[in-house]
> 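Here you go, one structure.
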Amino acid sequence: MTIKYAYYPGCSLESLAREYNVSTRLVCQDLDIELVEIPDWNCCGAAPACQVDHMLSSALSARNLALAESFKLNVMAPCPKCFNRLKEADLEMKDNPDHLREINNLLEKPYHKGVQVKSLLQVLYQDVDRELISCRVKIPLEGLRVACYYGCMNARPADINDFQNPEDPTSMEEILAPLGAELVDYPLKTYCCGAAFGLARVDLVLRLANELLEMATLVGADVIAVACPLCQQNLDLRQLQVNARYGTRYNIPILYLTQLMGLAFGHSSKELWLDKHFVKFRKLPGATQAVSSGAR
Amino acid sequence: MDISNTLDQKNGIKIVAFLCNWCSYGGADAAGTARLKQPPQVRIIRIPCSGWINPLYPLKAFNEGADGVLISGCHPGDCHYAEGNYYARRRLEVLGHFLPFMGIDPQRFRYSWISATEAQEWQALITEFTEKIRELGPIKKHVEVS
Amino acid sequence: MRLKGQTRTVDREFVAEVESEIDTAVAACYQCGKCTADCPLSFSFDYTPNQILRLMQLGQKEMVLRSESLWYCATCYTCTIRCPKEIDIAKLMSVLLIKARQEGYVADHKIRLAQETFVNSVARYGRIFEAGLVGTYNLKSGDLFNNADIGPRLLATGKLRFLPHRIKGRREIRKIFDRLRSSRKGKR
Amino acid sequence: MRIGVFVCHCGSNIAGTVDCPRVVEAARGFPHVVYATDYTYLCAESGQDLIKTAIQEYSLDRVVVSSCSPKMHEETFRRAARQAGLNPYLVEMANIREQCSWIHSDKEAATRKAIDLVRKGVFKVSRDQELFPSFFKVNKDVLVIGGGIAGIQAALDAAQGGHRVTLVEKDQTIGGNMARLDKTFPTLDCSSCILTPRMVDVAVNESIELLAYHEVEEVKGYVGNFDVKIRRKATYVDWSKCTGCEECVGKCPARIYDKFNQGLGRTKAISLPFPQAVPKKVTIKKDFCHFFLKGKCRVCEKVCQFEAINFDDQDQIIERKVGAIVVATGYEAFDPIAYLEYGFGKYKDVITSLQYERMVSASGPTMGHIKRPSDGEEPKTIVFISCVGSRDRAKGRSYCSVACCMAMAKQAILTKEHIPDSTSYLFYIDIRAGGKGYEEFVDRAREEYGAQYVRGRVSKIYQKGKKLVVKGTDTLLGMPIEIEADLVVLAVGIAPPQDAPELAQKLNISYDQYGFFVESHPKLRPVETNTTGVFLAGACQAPMDIPASVAQGSAAAAKALGLLAKDELEASPIVASVEIKRCVGCFKCEAVCPFSAIQRQELRDGIMVSNVISTVCKGCGLCGVACPTGAIKVNGFTDEQILAEMEALLL
Ligand SMILES: Cc1cc2nc3c(=O)[nH]c(=O)nc-3n(C[C@H](O)[C@H](O)[C@H](O)COP(=O)(O)OP(=O)(O)OC[C@H]3O[C@@H](n4cnc5c(N)ncnc54)[C@H](O)[C@@H]3O)c2cc1C
Ligand SMILES: Cc1cc2nc3c(=O)[nH]c(=O)nc-3n(C[C@H](O)[C@H](O)[C@H](O)COP(=O)(O)OP(=O)(O)OC[C@H]3O[C@@H](n4cnc5c(N)ncnc54)[C@H](O)[C@@H]3O)c2cc1C
Ligand code: SF4
Ligand code: SF4
Ligand code: SF4
Ligand code: SF4
Ligand code: SF4
Ligand code: SF4
Ligand code: SF4
Ligand code: SF4
């Protein structure tokens with residue numbers, strides 16, 4: 001049985017996080033999840049919109065929800081910030097009829113509260129049988145020490161991420177366990193990476209990224225798994241900035257959860273755009289196997 | 001011999017309240033001790049427990065000309081007699097549904113939970129309820145209860 | 001009541017307005033500091049989250065709205081999930097930020113600029129045009145070499161677009177902005 | 001019928017708003033009223049005399065006192081009537097103060113309402129019947145449930161007062177949580193040094209029957225006559241033979257969770273909780289014993305020279321009759337597993353304050369050496385965190401646990417004594433040190449023992465290498481503060497035992513949202529409950545420390561003794577009674593009565609009818625409403641009386 005979602009990639013996945021988009025599509029295909037991209041979707045406004053004007057933020061999300069509604073499909077978004085904006089707007093409109101009316105007044109095409117919003121993490125965690133994931137594994141990630149990093153948006157706030165505990169989420173670990181990876185306890189798994197301050201206040205981001213990378217080194221992680229474009233950028237893109245500023249020599253690849261899954265499912269590192277990362281992932285598990293299985 | 005009724009001729013309405021001895025009567029006393037001003041149309045009858053209320057009483061009261069009837073007991077779970085107010089709730093809920101068939105606006109009937117410390121809640125309740133009854137005006141139709 | 005050195009006195013109306021948006025009375029806060037303790041960005045704050053709450057309790061509108069903390073809060077919700085009194089501090093911070101902007105208090109112009117550049121990009125194209133965003137921001141902020149060290153390497157990945165993606169519904173997006181603006185004016 | 005009406009001024013409390021002479025005037029016009037007067041203070045001696053004289057002078061056979069709330073002075077005026085030779089239940093009160101003069105300012109409206117209320121009183125009193133209280137014999141024995149320090153104190157005091165006492169303790173030994181403590185604030189005397197003698201006193205006291213490893217199964221009856229069923233839980237050891245030599249314990253291969261030591265260290269399937277246990281007898285925990293699980297072992301049986309092991313042992317129900325019950329079931333330490341942010345259960349070196357007591361105790365699993373559970377090393381930096389499971393709405397615990405601030409100060413002192421080169425950081429929100437010598441004790445912790453108090457709540461703890469990173473705030477400085485600690489001690493709250501609500505239901509007493517038992521009045525009846533004859537002592541009522549628990553134990557015993565000092569007790573006549581002619585034997589009344597006050601009674605011709613045990617009946621009236629024929633009614637609140645009141649108000 002295939003599961004079908006209206007897919008909301010969001011702006012990041014069209015640019016700096018394209019590998020997240022590519023790997024998400026591959027993995028979903030492997031797991032019989034059909035993704036129908038919302039046609040002509042618009043930016044959800046991310047953090048800046050709701051920091052400038054809450055109504056604006058809701059209206060931008062509502063347009064996307066209304067588009068998805070015409071397909072009678074629930075919405076799935078891989079970026080936790082998009083997910084957060086879409087779901088919060090949805091909940092507020094479902095909660096408060098006045099708010100819904102006000103928002104619809106701003107739209108060309110009204111929203112009728114007809115969809116549900118999930119994050120990619122939630123879909124992989126709730127809708128996909130762990131058995132199925134095991135079945136799809138061709139190259140187990142044996143010996144790879146993975147630290148799962150959720151960041152703030154994949155764990156909180158509690159009413160948006162209501163499918164797991166905001167203090168100690170475990171969905172990523174549970175999804176990765178069938179892949180055979182060695183999951184290390186990463187105490188800062190829900191610590192914030194500085195989010196969107198990368199544009200105006202790089203210094204804030206670097207300080208947090210440094211703490212996160214230090215801890216990952218300390219727990220002996222080979223790779224940090226993430227499920228958020230901002231986390232990925234702040235830790236990967238800025239790793240060299242951190243090294244420059246703090247005199248550190250971190251060299252920890254930051255992979256999307258879906259890239260790790262893709263590897264285990266037998267996709268090549270090229271297919272998964274692994275070469276687009278700043279910090280290269282060299283410890284390909286079963287590298288020799290990969291060749292032979294590819295030949296099979 | 002003048003025994004005529006003096007209930008609020010000015011506003012022309014009469015409200016009878018049945019309060020359980022342990023919680024709500026104490027709450028009304030507490031409101032008095034705190035000097036919380038209240039509308040004078042309400043007359044209180046003290047009963048042991050809200051579970052003691054026979055649905056006949058409110059009906060009789062309406063029949064005899066009460067414009068509003070209020071029943072109040074301890075909060076569910078706090079009943080002095082353990083579970084009397086659960087019985088009350090069940091019974092009075094039924095009564096509430098039954099009133100329209102007797103030509104009585106169910107808004108004239110109210111049951112609530114007021115504890116012995118809830119003086120302010122009591123004041124708010126009877127102020128609001130009296131206001132409601134004033135709005136509805138004196139009861140017109142008299143019910144027949146055997 | 002007046003805090004030493006402050007000219008303004010208590011503004012209860014402001015407090016009530018904010019309280020209605022966060023659905024909690026600020027008086028609930030007993031200043032335990034749990035919100036501050038693990039706030040990842042508090043190192044950059046002038047007032048810690050619990051001090052923001054304290055200022056709100058004392059009705060110090062101006063001090064609150066002038067605070068830099070509002071601008072450096074990442075809305076990460078750490079404070080919110082930890083607060084023993086169930087106060088949504090993250091929400092409070094963002095409500096206050098919006099009010100600060102409305103009333104013309106800007107503690108960090110770069111952040112304001114970044115946020116506005118971002119929103120303008122949405123208004124223009126319906127989606128974010130990242131290369132344009134960084135460029136515009138750097139130009140306007142005068143910080144031309146901001147993030148320049150990663151620029152070339154980023155280009156090499158080929159992930160950045162050089163032309164914006166203009167969505168078909170651009171007009172709808174514009175209308176959202178316009179209607180919002182006119183409804184705001186109507187209210188004033 | 002000759003009714004007298006008395007209208008009280010209560011100084012200006014009533015007379016200021018109600019025109020009392022006008023009320024008297026109106027009262028004179030009501031049916032059967034032969035005398036009416038007003039007076040400044042009716043409850044004063046002179047006022048009561050006025051009533052008594054009038055009763056005799058005018059041969060009054062009914063009285064209406066129109067004054068304050070009956071909750072205030074009904075007893076006073078009933079007593080006055082009795083003294084004047086009138087049945088006290090022929091007195092009614094009209095509440096024209098709390099429910100009239102004090103809540104109205106319009107004098108006219110208030111006066112009219114007062115007149116209505118007096119009329120209501122007159123109409124009701126004219127339907128009143130003479131009522132006579134019944135008397136019943138009282139059983140003088142006392143049951144104490146829970147053998148912590150509060151229960152021990154209550155049992156000893158009641159025994160000293162000459163009563164036989166049954167002490168039921170669900171655990172294998174008495175002593176409760178105090179037995180787990182090392183030293184006690186504010187004097188730092190050793191807990192077992194002061195507790196053990198008391199435990200032994202219980203054991204040797206001939207008036208006290210100690211039923212350890214027993215639980216209350218069912219409580220029936222009423223004050224003076226409680227019938228209690230008690231379950232003896234199977235111990236699989238014949239206690240009359242066991243000497244507590246612990247020979248068996250050493251040989252038992254089954255290692256299990258050590259409840260007494262709060263999970264620090266392990267114990268055996270057959271065990272003694274601690275060396276000074278009273279009674280000093282072992283039990284087998286069936287769920288963990290190899291023989292019960294796998295059918296093989298019986299090692300204990302082999303080594304026991306006294307042939308005390310009995311694998312065929314079974315639960316047993318025993319019955320006791322008592323006149324009063326003291327509940328002293330204490331508390332359980334709050335389980336901080338809910339604080340995921342503190343990593344309790346995940347990080348071995350995050351422990352509870354009660355575990356720390358066991359660690360510091362010389363008789364504990366570490367022999368009094370403070371060691372990190374993870375690697376056995378001596379910690380140098382220790383962080384204490386207050387209010388874990390207290391003062392925390394988000395975790396469903398809004399209350400303050402009272403004893404933990406002091407326990408924390410104590411533990412900081414003990415830590416310094418054990419490890420002189422250690423530093424203790426104590427995170428607190430407020431320091432609650434309200435007791436004799438308590439603030440001085442905290443001063444000592446700070447000044448003499450270098451306890452570092454930090455005002456702020458910790459938000460997060462995580463492991464970093466061998467250290468625990470503790471992220472807190474110093475709210476006084478307005479700065480986050482990070483401490484790399486070797487050991488973290490959570491000052492956990494005092495929470496009612498999980499089964500407290502169940503016990504409350506058996507005893508028909510109330511419990512609050514947390515499970516603490518509810519006292520009759522928070523100030524004036526702190527150890528009584530709303531069920532007459534059931535008293536409370538210790539931490540089962542509210543969080544409290546040892547001095548308060550002991551004081552309550554004594555207070556509860558004193559209350560029980562006061563009650564049992566009489567040979568007979570008076571039962572209120574405001575109870576239900578059955579009009580046998582109208583009873584059709586449907587027993588709907590029996591089904592609804594919450595107090596099991598209805599008995600089935602067989603008439604001569606085999607017809608079954610209902611009968612109310614008047615000493616059990618509480619007069620709630622539920623039966624009256626359930627009865628389809630109107631055969632059963634509550635004295636003093638009959639349909640006739642209520643309808644008369646209604647008529648008076650609506651005329
Ligand atoms: C870490 C810590 C340190 C402390 N240090 C101090 C100190 O230094 N000084 C001080 O004054 N106070 C201290 N206290 C407080 C002290 O422990 C309590 O005040 C005291 O133990 C309360 O005594 P209790 O008899 O009411 O309850 P408990 O000691 O809890 O005894 C209750 C007894 O009842 C039994 N029981 C429970 N339910 C049932 C049932 N259904 N049937 C039969 N039996 C039952 C239990 O098994 C137990 O034996 C401390 C508390 C903590 C948590
Ligand atoms: C401002 C204030 C507000 C308070 N509010 C509250 C509150 O809201 N709730 C609360 O629970 N507690 C409150 N308290 C505390 C409360 O007052 C006391 O707990 C309580 O009054 C103590 O009662 P007592 O009988 O021990 O002493 P007291 O009330 O002091 O009674 C002692 C009596 O003994 C008499 N006496 C003294 N010496 C002798 C002698 N040598 N011979 C004969 N008689 C003597 C005195 O005249 C007096 O009548 C408050 C205290 C203060 C100061
Ligand atoms: S955590 Fe909550 S209660 Fe504590 S200081 Fe912050 S806002 Fe106040
Ligand atoms: S939401 Fe803002 S104030 Fe709260 S913890 Fe995160 S950064 Fe700090
Ligand atoms: S009887 Fe009541 S109303 Fe009269 S003086 Fe006494 S307290 Fe006041
Ligand atoms: S059961 Fe036997 S061996 Fe064990 S403690 Fe008792 S007497 Fe000693
Ligand atoms: S039979 Fe059970 S209690 Fe006895 S020694 Fe074996 S395991 Fe221990
Ligand atoms: S006694 Fe102290 S530590 Fe315990 S709950 Fe109260 S304030 Fe917190
Ligand atoms: S309900 Fe009435 S009729 Fe039925 S048994 Fe009881 S008293 Fe008799
Ligand atoms: S009045 Fe209440 S307690 Fe008494 S017999 Fe009836 S139901 Fe039972």
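The structure displayed is predicted, hence computed values, not measured ones. The chains referred to below are lettered A, B, ... by the order of the sequence lines, with proteins before strands, and numbering in each begins at 1.
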> At what distance, to the nearest 0.5 angstrom, does CZ of C/F118 lie from CG of A/L199?
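The CZ atom of C/F118 sits 9.5 Å away from the CG atom of A/L199.
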> Are the side chains of C/E130 and A/S12 in touch, meaning some heavy atoms are under 4.5 Å apart?
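SC-SC contact between C/E130 and A/S12 confirmed.
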> Supply the atom-to-atom distance C/R127 CZ to A/C11 SG, rounded to the nearest 0.5 angstrom.
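Those atoms lie 7.0 Å apart.
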> With only heavy atoms counted, which part of A/C44 is less than 4.5 Å from chain C, the side chain, the backbone, both or neither?
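Contact with chain C is absent: no heavy atom of A/C44 under 4.5 Å.
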> Just checking, is any N or O donor in the side chain of C/T78 or A/R156 under 3.5 Å from an acceptor N or O on the other one?
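There is such a pair between these side chains.
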> Is it the backbone or the side chain of C/Y72 that comes under 4.5 Å from a heavy atom of chain A, or both, or neither?
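When you check distances to chain A, atoms from both the backbone and side chain of C/Y72 fall under 4.5 Å.
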> With respect to chain A, which residue among C/N138, C/V119, C/I81 yields the maximal number of heavy-atom pairs within a distance under 4.5 Å?
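Top option by heavy-atom pairs under 4.5 Å: C/I81.
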> Under 4.5 Å heavy-atom distance to chain C, tell me which part of A/N105 shows up: side chain, backbone, both or neither.
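Looking at A/N105, just its backbone touches chain C.
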> Is the shortest distance from a Lys or Arg side-chain nitrogen in C/R179 or A/E108 to a carboxylate oxygen in the other one below 4.0 Å?
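Salt bridge: yes.
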> Would you give the length of the straight line joining atom NZ of C/K175 to atom CZ of A/R63, rounded to the nearest 0.5 angstrom?
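One gets 12.0 Å once the value is rounded to the nearest 0.5 Å.
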> Return the option, out of A/M153, A/E14, A/K109, with the maximum number of heavy-atom pairs under 4.5 Å with chain C.
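Heavy-atom pair counts peak at A/E14.
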> With no hydrogens and no angle check, do the side chains of A/Q51 and C/S94 hold a donor and an acceptor under 3.5 Å apart?
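C/S94 and A/Q51 do not have a side-chain donor-acceptor pair below 3.5 Å.
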> At a heavy-atom separation under 4.5 Å, does C/L41 approach chain A through its side chain, its backbone, both, or neither?
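Answer is side chain: those atoms of C/L41 sit under 4.5 Å from chain A.
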> Taking side chain as C-beta onward, heavy atoms only, is A/R201 less than 4.5 Å from C/W71?
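In short, these two side chains do not touch, never coming nearer than 4.5 Å.
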> What part of A/A47 lies closer than 4.5 angstrom to a heavy atom of chain C: side chain, backbone, both or neither?
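When you check distances to chain C, no heavy atom of A/A47 falls under 4.5 Å.
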> Under 4.5 Å from any heavy atom of chain C, what part of A/E88 do you find: side chain, backbone, both or neither?
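Interface part for A/E88: side chain.
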> Considering only heavy atoms, which portion of C/T75 lies under 4.5 Å from any heavy atom of chain A: side chain, backbone, both, or neither?
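Contact with chain A is through both the backbone and side chain of C/T75.
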> Under 4.5 Å between any side-chain heavy atoms of A/L107 and C/I176, yes or no?
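When only atoms from C-beta onward are counted, C/I176 and A/L107 do touch, with a gap below 4.5 Å.
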> Can you say whether A/I103 sits under 4.5 Å from chain C via the side chain, the backbone, both, or neither, judging by heavy atoms?
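Neither part, no heavy atoms under 4.5 Å.
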> Taking the side chain as C-beta and beyond, is there a heavy-atom pair between C/F177 and A/L106 under 4.5 Å?
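C/F177 does not reach A/L106 side chain to side chain.
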> Can you tell me how far the CG atom of A/N42 sits from the CZ atom of C/R170, to the nearest 0.5 Å?
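Those atoms lie 12.5 Å apart.
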> If you count heavy-atom pairs under 4.5 Å with chain C, which of A/A195, A/P157, A/C193, A/C192 comes out on top?
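The residue among A/A195, A/P157, A/C193, A/C192 with the greatest pair count is A/P157.
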> Does the side chain of A/F278 come within less than 4.5 Å of C/T157's, by heavy atoms?
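Counting from C-beta outward, C/T157 and A/F278 do come under 4.5 Å.
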> What part of C/C73 gets closer than 4.5 Å to chain A, counting heavy atoms only: side chain, backbone, both or neither?
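Just the backbone, heavy atoms under 4.5 Å.
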> If I measure from the heavy atoms of chain A, does C/I173 come under 4.5 Å with its side chain, its backbone, both, or neither?
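Just its side chain gets close to chain A.
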> Look up atom CG in A/L16 and atom CD1 in C/I128, then write down how far apart they are to the nearest 0.5 Å.
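These two atoms lie 11.5 Å from each other.
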> Report the distance from atom NE2 of C/H165 to atom CG of A/D40, rounding to the nearest 0.5 Å.
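Here the interatomic distance stands at 6.5 Å.
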> What residue, out of A/Y191, A/W273, A/F197, has the most heavy-atom pairs lying under 4.5 Å from chain C?
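The answer is A/F197.
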> Which one of C/V134, C/L113, C/D108 has the most heavy-atom pairs closer than 4.5 Å to chain A?
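Ranked by heavy-atom pairs under 4.5 Å with chain A, first place is C/D108.
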> Which atoms of A/V52 come close to chain C, meaning under 4.5 Å heavy atom to heavy atom: side chain ones, backbone ones, both, or neither?
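Backbone plus side chain of A/V52, per the 4.5 Å heavy-atom cut-off to chain C.
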> Might you confirm whether atom CZ of C/R12 has over 12 heavy atoms from other residues, nucleotides or ligands at distances under 6.0 Å?
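Yes, CZ of C/R12 has more than 12 neighbouring heavy atoms, counting only those of other groups under 6.0 Å.
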> So which part of A/R18 gets closer than 4.5 Å to some heavy atom of chain C, the side chain, the backbone, both or neither?
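For A/R18, heavy atoms of backbone and side chain both lie under 4.5 Å from chain C.
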> Can we say C/R82 and A/E167 salt-bridge, meaning some charged N sits less than 4.0 Å from an Asp/Glu carboxylate O?
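Looking at A/E167 together with C/R82, the answer is yes, because their closest N to O distance falls below 4.0 Å.
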> Please state whether the side chain, the backbone, both or neither of A/L208 comes within less than 4.5 Å of a heavy atom of chain C.
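When you check distances to chain C, only side chain atoms of A/L208 fall under 4.5 Å.
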> Compare all side-chain heavy atoms of A/E19 with those of C/K159 and state whether any distance is below 4.5 angstrom.
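Touching, per the 4.5 Å side-chain cut-off.
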